[in-house]
Amino acid sequence: MQLKNKVIIITGSSIGIGRTMARTLSAQGAKIVLNARNAARLNKTFEQLKSEGIDCIAVAGDVSKMEDCEKMVAQAVAAYGGVDVLVNNAGISMEGSVENLDPEVFRKVMEVNYLGSVFPTKAALSEIKKTKGSIVFIGSVAAFRGIPDYSVYSSSKNALTSLAEALKIELSDAGVHVGIAYVGFTENDPEKTIFNADGKIIAQPKRDFIKAESPEKVAQRVAKMIANRRFKHVFTPLGKLNAIMTRFLPGIVGFVLSNNYKKKKG
Ligand SMILES: NC(=O)c1ccc[n+]([C@@H]2O[C@H](COP(=O)([O-])OP(=O)(O)OC[C@H]3O[C@@H](n4cnc5c(N)ncnc54)[C@H](OP(=O)(O)O)[C@@H]3O)[C@@H](O)[C@H]2O)c1
């Protein structure tokens, strides 16, 4: 699929990977629908991207609310006449053991990462069927194996695999592309936040010990997935190693995760 003049909704695009994807996909000629909950920050991004010559609109809304997703799609259609691609990018992470996590963190992470991918998909589906376009889920290499202290984040990204697999078959006669990107560790936006165990929003702790990919590289990989209508794509060499090891040598992966966890806990 050529991206020139395609209308692309990117959820969670006021900062981070989503905002970078807006720039990358626009550079290939796409029209962008930006989205996030914080309207003031979204508007700042919208103004910045407009000043860079990017053809975009911004629709503030929460992807875990069906009515907000319907409004987002309606505004995309009103502005551009249809929708070609939906990138389900909005997501939130957390840190804390199952024992210590506030139950609300489980609910909120699943609401944003899982329902927040289901609802935009349902809202945009009839439009995307008309254009025989694409629906892409932004998953994570954390989906392959439950990661200690990131249980609900891993679960929510794992759930996207089943969602994408089911949807791909359901849409096989409709000519719609379904893809899922297993994104590896990515350089974080300075404004990125996560939930702590108490359910408070905190700044993402530094992860200097991990080699991270640039958001530009992630965005280029997603653009290529859309263009080539690729189904599953695991990003980064570490992500690929993780996927292969988890499949063929799960005991070793368990051993490494367990050892690292014990070291972390001292
Ligand atoms: N960074 C990584 O290392 C990494 C690795 C693998 C996968 N990923 C995945 O890549 C995606 C983007 O990650 P990122 O690091 O770029 O995140 P980020 O910097 O924290 O940005 C998240 C974006 O999503 C928006 N958002 C959050 N909740 C939302 C909701 N309920 N409705 C609408 N928008 C919402 C945020 O704005 P508001 O708060 O204003 O809504 C923001 O624009 C996520 O799905 C993440 O899980 C990231």
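When a ligand or atom number is given, it counts from 1 through the structure's own listing order. For this chain, numbers begin at 1 and follow the sequence in order. Only this structure's heavy atoms are used, side chains among them; waters, hydrogens and symmetry mates stay out.
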Q: Could you establish whether Gly184 and ligand 1 come within less than 4.0 Å of each other, counting only heavy atoms on the residue side?
A: yes
Q | Per-atom contacts of ligand 1 with Asp62, taking only distances under 4.0 Å to non-hydrogen atoms | A | 30 (C), 31 (N), 32 (N)
Q) ligand 1 versus Arg41, non-hydrogen atoms closer than 4.0 Å: side chain, backbone, both, neither? A) side chain
Q | For Gly139, the ligand 1 atoms whose distance to one of its heavy atoms is below 4.0 Å | A | 7 (C)
Q: Check each heavy atom of Ile15 against ligand 1 and say whether those closer than 4.0 Å belong to the side chain, the backbone, both or neither.
A: both
Q) Considering only heavy atoms, does Leu42 approach ligand 1 within less than 4.0 Å through its side chain, its backbone, both, or neither? A) neither
Q: Would you mind listing which atoms of ligand 1 come within a distance below 4.0 Å of any non-hydrogen atom of Asn35?
A: 33 (C), 34 (N)
Q. Is any side-chain N of the basic residue among Lys130 and Glu127 closer than 4.0 Å to the acidic one's carboxylate O?
A. yes
**Q.** Proximal ligand 1 atoms for Gly16, defined as those under 4.0 Å from one of its heavy atoms
**A.** 16 (O), 19 (O)
Q | Numbered atoms and elements of ligand 1 in range of Ser14, under 4.0 angstrom, heavy atoms | A | 37 (O), 42 (C), 43 (O)
Q: Mark yes or no: Lys200 above the aromatic ring of Phe195, with NZ or CZ under 6.0 Å from the six-membered ring centre and no more than 45 degrees from the axis.
A: no
Q. So which heavy atom in the protein is nearest atom 40 (O) of ligand 1, and how far is it from that ligand atom?
A. Asn38 N, 2.9 Å
Q) For ligand 1, is Ser93 a contact, meaning one of its heavy atoms is under 4.0 Å away? A) no
Q) Is the shortest distance from a Lys or Arg side-chain nitrogen in Lys232 or Glu165 to a carboxylate oxygen in the other one below 4.0 Å? A) yes
Q: Identify the heavy atoms of Gly184 and Phe235 that sit nearest to each other, and give their distance.
A: N-CB, 4.0 Å
Q. Are Glu104 and Arg107 close enough for a salt bridge, meaning some N to O gap below 4.0 Å?
A. yes
Q: Write out the residue and atom name of the closest protein heavy atom to atom 20 (O) of ligand 1, then the distance separating them to 0.1 Å.
A: Lys192 CG, 3.3 Å
Q. Can you find a non-hydrogen atom of Lys157 under 4.0 Å from ligand 1?
A. yes
Q. Does atom OH of Tyr261 have more than 12 heavy-atom neighbours, drawn from other residues, nucleotides or ligands, at distances under 6.0 Å?
A. yes
Q) Can you find an N or O of Asp189 that's nearer than 3.5 Å to an N or O of ligand 1? A) no
Q: Pick, from Leu115, Val63, Asn89, Ile138, the option with the minimum heavy-atom distance to atom 45 (O) of ligand 1.
A: Asn89
Q | atom 23 (C) of ligand 1 [closest protein heavy-atom partner, distance rounded to 0.1 Å] | A | Gly12 O, 3.4 Å
Q: Check the hydrophobic clustering (I, L, V, M, F, W, Y; side-chain heavy atoms under 4.5 Å; chains of links allowed) and say if Met225 and Leu25 are grouped together.
A: yes
Q) Does a sphere of radius 6.0 Å around NZ in Lys4 hold more than 12 heavy atoms from other residues, nucleotides or ligands, not counting ones at 6.0 Å or beyond? A) no
Q: Could you tell me the separation between the CG atom of Asn35 and the CD1 atom of Ile9, rounded to the nearest 0.5 Å?
A: 8.5 Å
Q | Phe137, Phe235, Tyr153, Phe119: member with heavy atom nearest to atom 46 (C) of ligand 1 | A | Tyr153
(Q) I need the atoms of ligand 1 closer than 4.0 Å to a non-hydrogen atom of Ile17, numbered in the order shown. (A) 10 (O), 13 (O), 16 (O), 48 (C)
Q. Salt bridge or not for Asp102 and Lys108, using N-O below 4.0 Å?
A. no
Q.
What I want to know is whether Ser140 and ligand 1 share at least one N or O pair that is separated by under 3.5 angstrom.
A. no
**Q.** Presence of salt bridge, Arg221 and Glu213, under 4.0 angstrom
**A.** yes
Q | Residue portion contacting ligand 1 (non-hydrogen atoms closer than 4.0 Å) for Ile92 | A | neither
Q. With a 4.5 Å heavy-atom cut-off, do Thr186 and Ile17 have their side chains touching?
A. yes
**Q.** Heavy-atom nearest option to atom 22 (C) of ligand 1, drawn from Gly61, Ala39, Ser64, Gly91
**A.** Gly91
Q.
Return the closest protein heavy atom for atom 29 (C) of ligand 1 as residue, atom name and distance.
A. Arg37 NE, 3.3 Å
Q | Taking atom 3 (O) of ligand 1 as the reference point, the nearest protein heavy atom with its distance | A | Arg207 NH2, 2.7 Å
Q: Could you walk me through whether Glu52 and Gln48 pass the side-chain hydrogen bond (donor to acceptor under 3.5 Å, both in side chains) test, one step at a time?
A: CA-CA 6 Å; Glu52 294 169 19; Gln48 172 63 35; 2.6 Å; yes
**Q.** Residue pair Gly16 / Asp189: nearest heavy atoms and the distance that separates them
**A.** N-OD2, 3.0 Å
**Q.** Closest protein heavy atom to atom 1 (N) of ligand 1, given as residue, atom name and distance to 0.1 Å
**A.** Asn188 OD1, 3.2 Å
Q. Any non-hydrogen atom of Pro215 lying under 4.0 Å from ligand 1?
A. no
Q) Are Leu160 and Asn88 side-chain neighbours, meaning at least one heavy-atom pair lies under 4.5 Å? A) no
Q.
Show me which atoms of ligand 1 lie under 4.0 Å from any heavy atom of Val112.
A. 28 (N), 31 (N)
Q. For Arg229, does the CZ atom sit with more than 12 other heavy atoms under 6.0 Å from it, leaving out its own atoms?
A. yes
(Q) Please confirm whether Ser13 approaches ligand 1 to less than 4.0 Å, judged on its heavy atoms. (A) yes
**Q.** Residue and atom name of the nearest protein heavy atom (relative to atom 6 (C) of ligand 1), distance in Å to one decimal
**A.** Val183 O, 3.3 Å
Q: Using a strict cut-off of 4.0 Å, indicate which atoms of ligand 1 neighbour a heavy atom of Ala90.
A: 24 (O), 34 (N), 35 (C), 45 (O)
Q: Flag the pair Lys264 and Glu95 as a salt bridge only when some basic side-chain nitrogen lies within less than 4.0 angstrom of an acidic carboxylate oxygen.
A: yes
(Q) Below a 4.0 angstrom heavy-atom separation, can you tell me which part of Ala142, side chain or backbone, both or neither, approaches ligand 1? (A) neither
